[in-house]
Structures are given as structure tokens and as C-alpha cells.
Protein chains: 2
Amino acid sequence: MARYEHIAGELRDAIVRGDYRIGAQLPTEAELASRFNAARGTVRQAVAVLVAEGLVGTRQGARRIVLGSERSQSFAELHSFAQWARSVGHRAGGLVLDSHRRPSTPSEAVRLAITPGEEVLSVLRLRRLDGEPVLVERTVYAGWIAPAVEKLDPACESVTQELYEAVGLVFAYGEHLIDAVAAGAEDARLLGVRRGSPLLRQRRTTTSQEGRPAECSDDRYRAGSVTFSIRNSTTANSLVRRAGD
Amino acid sequence: MARYEHIAGELRDAIVRGDYRIGAQLPTEAELASRFNAARGTVRQAVAVLVAEGLVGTRQGARRIVLGSERSQSFAELHSFAQWARSVGHRAGGLVLDSHRRPSTPSEAVRLAITPGEEVLSVLRLRRLDGEPVLVERTVYAGWIAPAVEKLDPACESVTQELYEAVGLVFAYGEHLIDAVAAGAEDARLLGVRRGSPLLRQRRTTTSQEGRPAECSDDRYRAGSVTFSIRNSTTANSLVRRAGD
DNA sequence: TGGTCTCGCTTGTTTGTACAAGTTGCTCTA
DNA sequence: TAGAGCAACTTGTACAAACAAGCGAGACCA
């Protein structure tokens, strides 16, 4: 592990453990540098990690302060329903209800950076959390990974993990659009809610390490089952609000 | 403006303008350094900004690639409805429907880091976008800024901006919880939708520069009016999904 | 008492250097 | 031809040094 990652980890542990209460000041860079026997630049790199996580606030001239004490989650936990469920101590289940190849629609072609009409794999999955159905996933996979996806067990728990183990595919970048929609007939039937009841929708496009779009998906969560949380600051944020389309 | 900010701006403009298409490679650090006549460290800092914005992906050993071409928005635009509306070319309106002081509830006291029962200011606002009502805002302000808030014009467009100009208050850090809820009777009446129809809810807590919580709010958007968008990667993300509470 | 000013402290920016580690394409070999 | 392996290239980590800029507290003055 890199030096700065180690220092960041120590500081994060201290904050999560409560050694520094919310609002308290962190030691100065100079003090941290001597404590960890590292250069000031390395310490700055470590602290930058915590700032990006939203745990620490920083202002030129003033000592850094602690803003929160909750460990934030990794990209993998955000992207993979199963890995997220495991990390928060729940059990994830899943079942493929439909899977077929078809030509891509124009909007899918744009999102997957392929030519319109090129064949894609369309999959409908129902996901459960501790046995309760909470999520309907309508995913479209680009043609080049379709064979690997089709080989997966229909009741496969973590698609992300299986794809990594099978063909070494790593999902590295993602874009997520979050809004609220009314449950359609199929949504309502699968999730066991009334038609028109509120669902939290997450439309995402995921890209491989090399920048090649691999899948795009329309995920609908039963209201109350899942909440997205973002921490941001004047110096670091990655959230955007957009006009409805 | 700092050197690295200038370089980041130039690169961002080039990407947004389309000089580098999505999936294309960015110049190497060495080339950028000589082009901008800066040290490699400075260039790295500039590129780090774009990586944090989700515009650029980076992997050790490989050239950096362009992931997106949409300018992401600032903290101010995220936090302030009016500033966001202006930046996307719409007109924001607002009206205070109710404003009164009352003792804080235990959960509010926790979120605002005050003692339970301490007086807070509770405000109900209806926000319009281009004349259409799209957002019901139920905000609770900590006692120490209540006087400044009460002095504001009820039809004030940007509360954030007015508070800055009046008392120099800067909102610097925020936490946001996003989920979907059904419209209550009051929500439905104000937004002109049916009871039980889906709303996108954003619960936020905002903190001043010094780390002092200033307000917490329950904002409900009419479905279809607003979408949140997050870009993330294995190396940088600030989004968290949480189990429903 | 109240405001201002200055000084020390702390974080932000920039440059330079050196080495580590991962990627990519080419070459060589079996 | 397929695979191993090398070599050049590119990004990541770490250190050191110097100056800029903002903050906060105490000193000082009216």
C-alpha cells in the first residue's frame, strides 16, 4: 500500500473511531508529517483523500476540521448491488426473468457508443434484499460482452464479480442519473406495490477500464428500500442536478 | 487564478468544445507540461481536477482518456436552486408560505448539532421553475441565523445569495440524502399533482465554512422536473447508497 | 470598550528530482 | 502462428524547498 494511503487510513480510522469529534480540529500538516515521518506533500495527499470523501473540511489558513464520521463506500459497492448489500450486512438475491438479444435502439446506441441497430443483450432481473424484492433491473449489455453475460447463472448473486472472474472485465467508470418515477404495470407486479406508486430510478452507464461502454441500465428501487447519499463541499463534489428530460 | 486551475480550465474547455472526443486520449503529462510551460506536478494537479469531475479517466501506465464532455456544476449550483436554475438557463421563482419559530425536535437537534428543544426557524417555501411549481422546500434553520433569514424578502429568489450579502454567511459543506416518496396532501396541493404520486426527495444538511451546521431541509421535486446526476470511478467518488430508514 | 493592526501559524501553489509500477507494442523464439 | 519476454513510454509515489495567501489571536490605540 502506498504511504499516503496508509496515512489516510490511519486518520480515517481515528475519525470513525471518534478520536476526533465532529467539528474538532485535525493536527497540522507539520505535526502529521513528523508523526508519520513523511514529507509534507505526502501528508497533503493523504488528507486530500479524506477531503474527497467528505470526512474533512479544509480552508487555506485555518486548521482542518472534521465534518463527518461515517465511512463512505467504494465504487464497487456503489456499482454492484450484491457487494453493496454485503458491505451493509444484508443478503442479496437475484433472478434473471428474461434475457434476449435484439438490435439496439438509437438512444442505447449513443449511450453504448455503438452503431444503431448493432446487436445488444437485453436482460430483466429482479433483485431481493433479505428476501424482499426491492429492485427491478433492466440492463442492456453491449454485444462484445453479451456471450460472457449469457453464460452466467440466472440466479447469480453478483454479476459484476462473476464477469470479473470469468473474463477479467472490470467496471471502472460510471454515470448515474437519479430521479423518481411511478411504477408501471410490470414494476408493480414484480415489486409487489400498487401501480403508480413512487419508485427511485437510477439510470446508469458503466464503462470498462479502457473507456469502452459495457452496459446501460434502468434500475427501479421500491420507495423506502434505498437512499443515495452524497457529501460535497465547495472544493469537491461530483453531483449534478439536471432539468428533467 | 492558480496556474493549475488555468490549465484545468483550458483542458476542460477543449473537452467540452469537442477537441477530444469521448474515448480519445489526452496528451501526456510531459507534453502538457511543455505546452503550458509548467512543472509536471502542476499539470498533474490540473488533470486531477478533471478526474474528480469525472471528465477524464486515468490508469497508471496508460494514457488518460476522455470519459465525458458535459461541464459539471459547482457546489453553489448544487446547493442553491436559484443559482442552478440560472446556470441552466431557466428562471427560478420562490415564495415563503409559512415561517415560524419553534423548539427543535430531537432528530433536528442531532442534524444541526444543537441541544434538543433549542429554538429553530421552520420555513415552508414553494419554488417555481419558469413559472411552474416544481419544488416544496421544508427548511429548518439553526437559531443563530434565524434573525437573518427572517429579514429576507418572502419572494426572495436566492436565499443563499441574500444570506451571503446580508451577513457574509457561506454554505461550504453539505450532505444530501436522495430517495423517492409519495406526495402527501400538502405536497400534492402545492405542486398540483395527485396525492400519492411520485416525488424525488432530497434531504440535506448544510454547514458553514467553520463547520457549524446552519440548516437542514426536506426538498421534494415533482417527478420529471429534476434529475440528479453523478459521475464516479474506481478512483474517485462521493456517492453512497444506504439502506432505507 | 471597541475597533484595528500586526505577527505567527497553517494551508495552498509551484518547481525539481528520483524512482516505482503498469501498459503497450514489438521482437524473438519455440 | 502463438506465446513469452523485453523495452520504451506513461502515470503513480515520495521527498525537499521556497514562497503566497488566508486565518486567528493578541497587542495596541482611540
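Per chain, numbering begins at 1; letters A, B, ... match sequence-line order.
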Angle class for the Phe36(B)/His6(B) ring planes (parallel below 30°, perpendicular above 60°, tilted otherwise)?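 Perpendicular, since the angle between the ring planes exceeds 60°.
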Can you tell me how far [atom2] of [N] sits from [atom1] of [X], to the nearest Å?
X	N	atom1	atom2	result
Glu29(B)	dC9(D)	CD	C1'	12 Å
Gln25(B)	dG25(C)	CD	C1'	13 Å
Glu210(A)	dG22(C)	CD	P	16 Å
Arg59(B)	dT11(D)	CZ	P	12 Å
Glu31(A)	dC9(C)	CD	C1'	13 Å
His6(B)	dT14(C)	NE2	P	11 Å
Ile7(A)	dC15(D)	CD1	P	8 Å
Glu5(B)	dA21(D)	CD	C1'	13 Å

Find the distance between OG1 (Thr160(A)) and CD (Glu165(A)) and round it off to the nearest 0.5 Å.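 If I round to the nearest 0.5 Å, the distance is 11.0 Å.
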Under-4.0 Å side-chain N/O to phosphate OP1/OP2 contact, [X] with [N]:
X	N	result
Arg40(A)	dA17(D)	no
Arg64(B)	dC9(D)	no
Arg44(B)	dT10(D)	no
Thr58(A)	dG12(C)	yes
Gln45(B)	dT13(C)	yes
Arg63(B)	dT10(D)	yes

With the side chain of [X] defined as its heavy atoms from C-beta on, choose the nearest nucleotide among [options].
X	options	result
Ala38(A)	dT11(C), dT11(D), dC15(D)	dC15(D)
Gln60(B)	dT13(C), dG12(C), dG12(D)	dG12(D)
Arg3(B)	dT15(C), dG12(D), dC15(D)	dT15(C)

When the nearest nucleotide of DNA chain D is assigned to Gly41(A) and to Gln209(B) on a heavy-atom basis, which residue is associated with the more 5' position?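 Checking each residue's closest nucleotide, the 5'-ward one belongs to Gly41(A).
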When the nearest nucleotide of DNA chain D is assigned to Ala2(A) and to Gly61(A) on a heavy-atom basis, which residue is associated with the more 5' position?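 That would be Ala2(A).
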Identify the heavy atoms of Leu169(A) and Trp144(A) that sit nearest to each other, and give their distance.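 Looking at all heavy atoms of both residues, the closest pair is CD1-CH2, 3.9 Å.
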5' precedence on DNA chain C between Ala62(A) and Ala39(B) (nearest-nucleotide basis):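 The residue whose closest nucleotide sits nearer the 5' end is Ala62(A).
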Would one find more than 12 heavy atoms of other residues, nucleotides or ligands at under 6.0 Å from atom CG of Asn37(B)?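 Not buried by this count: 12 neighbours or fewer within 6.0 Å.
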Min side-chain heavy-atom separation Leu55(B)-Arg231(B) under 4.5 Å: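 Yes; the side chains approach each other to less than 4.5 Å.
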